[in-house]
Amino acid sequence: SITVLRIGHRPFRDKRITTHVSLVARAFGADRIVIDEKDELLEENINNVVSRFGGDFKINSGVNWKKYFRDFNGIRLNLSMYGINVDDKIEEIREKTKNRDMIVLVGAEKVPIDAYLIADYNIAIANQPHSEVSALAIFLDRYFNGKELHKNFNGKLNIVPMEHGKMVKYIPDEKEALQILYDNNASDRIIRHVKKVY
Ligand code: SAM
């Protein structure tokens with residue numbers, strides 16, 4: 001499995017960026033995100049996306065990152081512009097994680113030196129400064145060779161791809177399907193719920 005470890009999160013300043021790191025982790029094939037600072041609102045938002053769009057993605061905040069990273073039973077990666085170019089290491093990482101879990105650390109502002117020392121791999125997505133959102137997306141995309149873009153999340157909300165316009169198909173869960181069977185107004189309620197997506 002793949003865990004993303006987001007460190008340096010400041011609930012007020014980084015709300016949007018950490019939300020994006022979490023959404024990228026989920027959409028690009030990671031299994032969970034762990035965040036150092038406790039942020040219940042962020043957990044709620046991401047859990048809400050998972051309950052509507054599907055998948056088994058988990059979020060957990062308020063962890064001692066150093067201990068978590070050090071004690072992680074698997075391959076530890078730190079994404080950093082100071083690291084080794086991803087292209088020089090990705091095959092080795094894929095090989096090493098065939099039967100092992102992987103944790104991918106991304107920072108916010110200055111990342112403490114311990115992250116670089118604990119990591120088995122310090123990996124750069126180009127040796128140029130950019131963003132934790134792009135670094136994570138490109139790393140996961142390289143790791144999965146692009147296959148993650150075709151993952152089926154089995155969600156209630158399913159986007160129907162179209163050239164122009166927006167369409168979302170709603171697939172009720174078992175409980176809602178029963179509600180629709182027995183209650184004439186239930187489907188109206190669900191359709192209203194879909195409209196909230198826009
Ligand atoms: N200046 C900070 C430092 O020296 O530790 C990093 C700040 S950067 C805005 C935040 C995070 O984005 C980094 O911790 C790293 O995870 C990720 N990042 C930014 N550029 C990257 C790159 N070229 N390769 C890999 N990760 C990168």
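Computed from a predicted structure; not experimentally measured. Atoms within each ligand, like the ligands themselves, are counted from 1 in listed order.
- Here the NE2 atom belonging to His20 is positioned 9.5 Å from the NZ atom belonging to Lys15, to the nearest 0.5 angstrom.
- Side-chain atoms of Asp141 do not come within 3.5 Å of backbone N or O of Ala137 as any donor-acceptor pair.
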Residues Lys151, Glu148; criterion salt bridge (charged side-chain N to carboxylate O under 4.0 Å, His left out); working and verdict: CA-CA 5 Å; Lys151 180 174 166 175; Glu148 79 289 353; over 6 Å; no
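- Set against the non-hydrogen atoms of Tyr116, the atoms of ligand 1 under 4.0 Å away are 5 (O).
- One N or O on the side chain of Ser61 and one on the backbone of Asp39 form a donor-acceptor pair closer than 3.5 Å.
- Close approach of ligand 1 to Ile123 (heavy-atom distance below 4.0 Å) involves ligand atoms 25 (C).
- Protein heavy atom in closest approach to atom 11 (C) of ligand 1: Gly107 O, 3.4 Å.
- The backbone N or O of Arg76 sits less than 3.5 Å from a side-chain atom of Asp120, completing a donor-acceptor pair.
- Heavy-atom proximity to atom 5 (O) of ligand 1, evaluated over Asn78, Val111, Asn127, is greatest for Val111.
- Of all heavy-atom pairs between Arg13 and Glu109, the closest is NH2-OE2, 4.1 Å.
- Nearest protein neighbour of atom 27 (C) of ligand 1, counting heavy atoms only, is Ala135 CB, 3.6 Å.
- Atoms of ligand 1 lying under 4.0 Å from any heavy atom of Ala126, numbered from 1 in the order shown and given with element: 22 (C), 23 (N), 24 (N).
- Minimum heavy-atom separation, Leu42 to Thr19: CD1-OG1, 3.2 Å.
- The shell of residues lying under 4.0 angstrom from ligand 1, judged by heavy atoms, excludes Phe139.
- Side-chain atoms of Asn127 come within 3.5 Å of backbone atoms of Met81 as a donor-acceptor pair (strictly under, hydrogens ignored).
- Checking only distances, Leu79 does come within under 3.5 Å of ligand 1, N or O to N or O.
- Here atom 7 (C) of ligand 1 lies nearest to Ala108 when heavy atoms of Pro129, Gly8, Ser80, Ala108 are compared.
- At least one N/O-N/O distance between Glu132 and ligand 1 falls below 3.5 Å.
- Nearest-residue assignment for atom 2 (C) of ligand 1 (options Glu109, Gln128, His130; heavy-atom criterion): Glu109.
- Judged by distance alone, the side chain of Asp36 and the main-chain N or O of His9 form a donor-acceptor pair under 3.5 Å.
- Note: no N/O pair closer than 3.5 Å links Ala124 and ligand 1 by distance alone.
- The ligand atoms of ligand 1 that sit less than 4.0 angstrom from a heavy atom of Val106 are 16 (O).
- Considering backbone and side-chain N/O of Ile125, one or more are found under 3.5 Å from N/O of ligand 1.
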